[in-house]
Amino acid sequence: MNVIQPSLLAAIVHPDHLGGADSLLADFCRSLQAQGWCVGGVVQAHRVRPGGGKWMLLQDLRTGEEFSISQDLGAQSQSCCIDPAGVAQASGTLRQALRDRVDLTVVNRFGALEAAGGGFAAELLALMADECPLMTVVSEKHLPAWRRFTGGLGEELPPRVSALQSWFSLAIDMQKNQTAMEWEER
């Protein structure tokens, strides 16, 4: 009988046409923080610009600092408005979470930029290599790219609080066991 180990890597998979994953992830992180867990990284927030049009922000989970990741292309624009400069600025938050070895690092999403090797791809790889508990959001349209990026090693979670809580508990237990084994080997 093969026992499958839980992964320290998880993605909340959501249908392309449904929203809500961003607020689910942000609320989950706040709940963990209220319980005393150290959660780092960024979550996505959406606002409406004065005069119309969407405005996307990334919020640092530890400091509350916000990074604009939207370019103002006008209210009628249908083009991708992601501002790579804003994403690059927010990447420092992920590198800091890695240095601080937080209990959970959150990357707002694995999207088109990451699927093409940009965005937070380098930070995701560094976190994965360091075996840090890591959670992100992936839409169904980017799921094949996510699976290639992770080599199929990540957990794919439904957008439900109970699934996130179960994964986090398993990831923390797994990390504790790894730490205990490392101490025994010394």
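Quick caveat: nothing in here was measured; it's all calculated off a predicted structure.
Side-chain contact between Phe110 and Ser139 is absent, with no heavy-atom pair separated by less than 4.5 Å.
Atoms CD and CG, on Gln89 and Leu58 in that order, are 10.0 Å from each other to the nearest 0.5 Å. Atom CD of Gln44 and atom CE of Met56 lie 5.5 Å apart (nearest 0.5 Å). Here CZ of Arg99 is found 10.5 Å from CG of Leu94. Values are rounded to the nearest 0.5 Å. Between the CD1 atom of Ile12 and the CG atom of Leu157 there is a distance of 6.5 Å, given to the nearest 0.5 Å. Here the OG1 atom belonging to Thr93 is positioned 10.5 Å from the CD atom belonging to Gln59, to the nearest 0.5 angstrom. To the nearest 0.5 Å, the span separating CG on Leu32 from CG on Leu164 amounts to 8.5 Å.
Checking side-chain atoms of Thr136 against main-chain N and O of Val107 turns up a donor-acceptor pair under 3.5 Å. No side-chain donor-acceptor contact under 3.5 Å links Ser166 to the backbone of Ala163. At least one donor-acceptor pair under 3.5 Å links the side chain of Glu114 to the backbone N or O of Phe120. Counting only distance, with no hydrogens or angles, the side chain of Ser7 and the backbone of Leu153 share a donor-acceptor pair below 3.5 Å. Under the 3.5 Å distance criterion, the side-chain polar atoms of Ser31 are left unmatched by any main-chain donor or acceptor of Asp27. Under the 3.5 Å distance criterion, the side-chain polar atoms of Asp100 are left unmatched by any main-chain donor or acceptor of Val102.
Minimum interatomic distance between Gly40 and Arg62 (heavy atoms only, all atoms of both residues): CA-CD, 3.6 Å. Residue Phe67 comes nearest to Gly86 through the heavy atom pair CB-O, 4.2 Å, listed as atom of the first residue, atom of the second, then distance. The minimum heavy-atom distance linking Trp167 with Leu8 is given by the pair CZ2-O, 3.3 Å. Residues Leu134 and Leu104 approach most closely at N-CD1, 4.0 Å, considering heavy atoms. When all heavy atoms are compared, the tightest approach of His14 to Val137 is CD2-CG1, 3.3 Å.
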**Message:** Test side chain to side chain contact (heavy atoms under 4.5 Å, CB included) on Asp130 and Leu98; report intermediate values, then the result.
**Reply:** CA-CA 8 Å; Asp130 205 45; Leu98 178 61; 3.4 Å; yes
**Request:** May I have the step-by-step check of side chain to side chain contact (heavy atoms under 4.5 Å, CB included) for Met174 and Leu170, ending in yes or no?
**Result:** CA-CA 6 Å; Met174 190 169 111; Leu170 287 172; over 6 Å; no
**Item:** Derivation and outcome, side chain to side chain contact (heavy atoms under 4.5 Å, CB included), residues Leu143 and Val13
**Value:** CA-CA 8 Å; Leu143 196 51; Val13 180; 3.9 Å; yes
**Asked** Going through the checks in order, is the side chain to side chain contact (heavy atoms under 4.5 Å, CB included) test met by Val106 and Val42?
**Response** CA-CA 6 Å; Val106 174; Val42 291; over 6 Å; no
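Taking Asp103 as the reference, nothing meets the side chain to side chain donor-acceptor pair (under 3.5 Å) condition, with sequence neighbours excluded.
Test Asp22, Leu61, Leu57 against Val43 for side chain to side chain contact (heavy atoms under 4.5 Å, CB included) and you get one pass: Leu61.
Ring planes of Phe168 and Phe28: perpendicular class, angle over 60° (limits at 30 and 60°).
A donor atom on one side chain and an acceptor atom on the other are not found under 3.5 Å apart for Gln33 and Arg30.
Pairs engaging residues 141-150 under the side chain to side chain donor-acceptor pair (under 3.5 Å) rule: Arg147-Glu156 [sequence neighbours left out].
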